[in-house]
Each structure stands twice: as C-alpha cells, then as structure tokens.
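This report concerns only the one structure given below.
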There are 2 protein chains.
Amino acid sequence: MTAMTISKVAKKAGVGIETVRFYERKGLVDQPPKPPSGGYRVYPAETGERIRFIRQAQELGFTLREIKELLSLRTDPATDCADVRERAQTKLGEVTRKIALMKGIQAALEKLIAACPGQGALQVCSIIDAIEAPETTRKE
Amino acid sequence: MTAMTISKVAKKAGVGIETVRFYERKGLVDQPPKPPSGGYRVYPAETGERIRFIRQAQELGFTLREIKELLSLRTDPATDCADVRERAQTKLGEVTRKIALMKGIQAALEKLIAACPGQGALQVCSIIDAIEAPETTRKE
DNA sequence: CTTGACTCCGTACATGAGTACGGAGTCTAT
DNA sequence: ATAGACTCCGTACTCATGTACGGAGTCAAG
C-alpha cells in the first residue's frame with residue numbers, strides 16, 4: 001500500500017499538483033506535516049474527497065472563500081453549535097435560492113427545446129424569460 | 001420619458017457603468033449605435049434584463065463564455081432549429097447536473113442543521129457527505 | 001453661455017483562481 | 001550507487017472578470 005503522496009491526491013481529485021498546493025496555501029485543505037523522519041508528506045484519503053467537493057462547489061458558483069466557510073461547518077463538540085447552525089442556515093438560504101434560479105433556467109431550456117423542433121417559426125423564446133425581474137416593477 | 005442612457009441601464013441592472021461597457025466589449029450585450037444626430041447612446045429596455053440574467057447565471061457558476069452561449073439560444077426563424085435544439089439540450093444536461101449537486105449540498109446542510117441543536121455532540125457530519133464520489137471506487 | 005453632471009473611449013490597475021518554472025532534496029529500482 | 005521520477009518551495013506568469021482614471025465631448029438648467 002503505497003503512501004498517499006501529493007500526486008496521488010491530485011490524480012484522485014482530478015486536479016494538478018499545483019492546485020493541491022494552492023488550496024493548501026489558501027487553507028482549504030490541510031497540509032500534512034512532513035514526517036519527522038524527513039521525506040515526503042503523506043496525505044489522508046479524505047483530502048481527495050475534499051478537493052472534489054471544492055471543485056463541485058465551484059461549479060455551483062461558490063468562491064473559494066465561500067467554500068472555505070462551507071467546509072468549516074461541521075457539528076462537532078468543539079465548535080459552538082448555535083453558531084454553526086446559524087451559518088448553516090445562511091448557506092442553506094443561498095443554495096435554496098440558487099436551486100430556484102437554476103430551475104428557472106432549466107424550465108426555460110425545456111420550453112425552448114419543446115418549442116424548437118415543431119416546424120419553422122414558433123414563438124421566439126429567449127432564455128432570459130428564466131428570470132422574473134424581482135425589482136424591476138419600478139417604472140421611471 | 002427620459003431616454004435610457006447607460007447609467008440608467010446600469011442602475012436598473014444593479015451593476016456599474018463600466019460593467020455594462022465591459023459586457024459590450026465582450027459581446028454579451030449589444031452596444032446600441034450612437035444616434036446619427038450625435039450625442040449619447042440610447043439603450044432598449046431589454047438590456048437591463050439581459051444584464052440581470054448574466055449576473056444570475058454567473059452566481060450559478062456559468063462563465064461569461066457559457067452565458068454567451070446560453071443567450072444565443074433562441075428559437076427564431078433565422079437560426080437553425082436543430083442546432084439550437086442540440087445546444088439547448090447540452091445546456092439542459094449541465095443545469096440538471098448542477099441542480100442535483102446543489103440538492104446534495106442542500107440536503108447536507110439540512111442534515112447538519114437538524115443534527116446541531118439537539119444536545120452537544122451528536123454525529124460529526126461534514127458537508128462533504130454531499131458528494132457521492134463518482135469514480136473513487138478505485139482503490140490503490 | 002456657462003456650469004455641473006453625464007457620456008465616450010482607451011488604457012491601466014486590481015483580484016481571484018490557478019499554472020508554470022527551476023533548483024535542490026528524496027525515493028526507488030536496477 | 002546512480003538514473004529517473006517525484007517532492008518541496010518560492011516566485012513569477014496567466015487568464016477571467018471586472019474597476020478606476022482621465023481627458024474630451026455633450027446635455028440641460030439657470
């Protein structure tokens with residue numbers, strides 16, 4: 001069982017070595033200590049999963065800063081539960097909002113696909129219909 | 001009814017003037033022609049909506065390049081329907097996938113919130129559980 | 001017809017998120 | 001014990017996405 005070196009982690013996570021190191025610098029993943037005997041750092045298996053999570057969260061429009069916050073949410077005895085709870089609820093609001101927006105786009109795309117293949121010119125339907133202007137009810 | 005100048009558009013869309021101009025340069029929104037009489041450009045009302053859409057799509061993790069593609073999808077007689085349909089379907093796949101990922105995070109947050117307030121130390125539950133490793137079934 | 005606010009345009013600067021490079025050390029297989 | 005592959009670390013470069021600046025032109029009100 002070969003030790004988990006940085007290149008193994010990177011490969012498992014589907015990123016480059018430099019990216020792993022970049023996330024270490026940013027505090028998104030822990031840099032394991034160098035073994036006292038000297039030599040290469042050895043990574044726990046979770047690091048790969050953690051990086052995968054980071055990448056997916058990025059695809060969902062979270063910044064590394066936000067992802068760091070997400071990752072710091074965990075129920076363990078050491079952290080103040082009420083605080084974690086509150087931050088989790090804030091994040092939950094964000095993702096719920098994003099899901100709603102995304103569903104708007106999904107619906108618009110489905111409508112577009114449905115409208116398209118019929119014959120030539122049905123309605124002109126734009127993706128922008130996906131957004132229901134929230135505040136644009138002001139004239140001027 | 002005062003003409004829609006660039007600052008009005010920006011305000012309506014909730015961005016700065018420079019951002020509008022930046023999107024014009026990038027081809028994400030059309031730059032209206034300068035009136036032949038000279039003077040300031042006047043913008044159609046849709047520009048504001050369009051920019052709002054751009055910002056929302058960005059929050060959902062789409063790049064400007066991708067958003068440009070999204071915006072170019074529309075069923076109108078001028079464009080090849082089959083082509084539009086195909087591109088729309090690709091995009092639909094992407095957003096559907098994103099929704100699934102986002103729901104994973106949503107569920108994890110809900111679980112976290114539910115686990116938290118009970119007493120002190122219930123399970124340690126990490127957000128990373130949100131991701132079901134797709135390919136990590138390889139050992140080594 | 002002048003003043004203050006706004007537009008236009010080009011260019012420069014900023015920030016987030018990597019990516020690349022290079023030299024020195026380490027590990028492993030032959 | 002040496003070659004080839006890999007690690008470590010610092011620094012520098014890149015690319016996307018804006019933001020800021022500055023000077024010249026324009027507009028509308030007093």
Side-chain angles (χ1 to χ4, degrees), chain A residues 1-44 47-48 50-71 94 140, chain B residues 1-44 47-48 50-71 94 140:
Chain A
M1 163 251 160
T2 32
M4 194 67 163
T5 59
I6 194 169
S7 64
K8 302 257 181 58
V9 170
K11 191 163 185 187
K12 254 187 79 172
V15 303
I17 289 175
E18 303 299 332
T19 302
V20 179
R21 293 190 10 78
F22 175 73
Y23 290 160
E24 287 175 349
R25 268 181 264 137
K26 288 290 170 180
L28 281 149
V29 318
D30 286 339
Q31 182 177 54
K34 267 217 253 212
S37 39
Y40 300 160
R41 297 174 198 284
V42 41
Y43 289 77
T47 305
R50 197 172 169 96
I51 293 172
R52 270 181 187 287
F53 176 83
I54 293 168
R55 309 262 26 175
Q56 297 201 342
Q58 276 187 300
E59 284 186 71
L60 300 177
F62 294 100
T63 64
L64 292 188
R65 166 177 296 279
E66 290 170 328
I67 293 167
K68 200 171 168 183
E69 288 163 13
L70 269 176
L71 286 170
E94 285 170 29
E140 152 175 6
Chain B
M1 165 253 160
T2 32
M4 194 66 162
T5 60
I6 194 169
S7 63
K8 301 259 182 56
V9 170
K11 191 162 186 188
K12 256 187 74 170
V15 302
I17 289 175
E18 303 300 333
T19 302
V20 178
R21 292 191 9 79
F22 175 72
Y23 290 160
E24 286 175 350
R25 268 180 263 138
K26 289 290 168 181
L28 280 148
V29 318
D30 287 340
Q31 182 177 54
K34 266 217 255 215
S37 40
Y40 300 159
R41 297 174 199 285
V42 42
Y43 288 77
T47 305
R50 197 171 168 97
I51 292 173
R52 270 183 186 286
F53 175 84
I54 292 169
R55 307 260 31 172
Q56 298 202 342
Q58 275 187 301
E59 285 187 70
L60 300 176
F62 294 99
T63 64
L64 292 187
R65 167 178 296 281
E66 289 171 328
I67 293 167
K68 200 169 167 184
E69 287 164 13
L70 270 175
L71 286 170
E94 286 170 29
E140 154 170 10

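Lettering follows sequence order; numbering is per chain, from 1. The basis for the numbers below is simple: all heavy atoms, side chains too, and nothing from hydrogens, waters or symmetry mates.
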Heavy-atom check, side chain of [X] versus side chain of [Y], under 4.5 Å:
{"X": "B/Val42", "Y": "B/Thr5", "result": "no"}
{"X": "B/Tyr40", "Y": "B/Lys34", "result": "no"}
{"X": "B/Thr19", "Y": "B/Arg55", "result": "yes"}
{"X": "A/Leu64", "Y": "A/Tyr23", "result": "yes"}
{"X": "B/Leu28", "Y": "B/Phe22", "result": "no"}

Base, sugar-phosphate, or nothing: which does [X] touch, judged by heavy atoms less than 4.0 Å apart?
{"X": "A/Glu66", "result": "nothing"}
{"X": "B/Lys34", "result": "sugar-phosphate"}
{"X": "A/Glu24", "result": "nothing"}
{"X": "A/Arg41", "result": "sugar-phosphate"}

Using atom [atom1] of [X] as one end and atom [atom2] of [N] as the other, report the distance to the nearest whole Å.
{"X": "A/Ile51", "N": "C/dG18", "atom1": "CD1", "atom2": "C1'", "answer": "13 Å"}
{"X": "A/Arg25", "N": "C/dT19", "atom1": "CZ", "atom2": "P", "answer": "12 Å"}
{"X": "A/Lys68", "N": "C/dG16", "atom1": "NZ", "atom2": "P", "answer": "12 Å"}

Between A/Arg41 and A/Pro35, what is the shortest heavy-atom contact and its length?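 Answer, listing the atom of A/Arg41 first, then A/Pro35: CA-CD, 4.0 Å.
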Looking only at heavy atoms, which two atoms of A/Arg50 and A/Val29 are closest? And how far apart?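 Residues A/Arg50 and A/Val29, closest heavy atoms: NE-CA, 4.0 Å.
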5'-most contact on DNA chain D: B/Ile54 or A/Ile17, nearest heavy atom basis?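 Checking each residue's closest nucleotide, the 5'-ward one belongs to A/Ile17.
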Closest-nucleotide mapping onto DNA chain C: is A/Arg21 or A/Phe62 further toward the 5' terminus? I mean the 5' end.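 Mapping each residue to its closest nucleotide by heavy atoms, the 5'-most match is A/Phe62.
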Pick the nucleotide of DNA chain C nearest each of A/Leu64 and B/Pro35; which residue has the one closer to the 5' end?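 Nearest nucleotide further toward 5': that of B/Pro35.
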Give a yes or no on whether the backbone of A/Thr63 and the side-chain of A/Glu66 come within a donor-acceptor separation of less than 3.5 Å.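 Yes; at least one donor-acceptor contact below 3.5 Å.
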Donor-acceptor pair, A/Lys11 side chain versus A/Ile6 backbone, under 3.5 Å?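 Checking the backbone N and O of A/Ile6 against the side chain of A/Lys11, no donor-acceptor pair under 3.5 Å is found.
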For a 4.0 angstrom threshold against heavy atoms of chain B, report the outermost contacting nucleotides of DNA chain D in 5' to 3' order.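 The footprint of chain B covers D/dT17 to D/dC27.
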Protein-nucleic acid N or O pairs under 3.5 Å, nucleotides 25-29 of chain C:
{"residue": "C/dG25", "atom": "N2", "partner": "A/Tyr40", "partner atom": "OH", "Å": "2.7"}
{"residue": "C/dT26", "atom": "O2", "partner": "A/Tyr40", "partner atom": "OH", "Å": "2.5"}

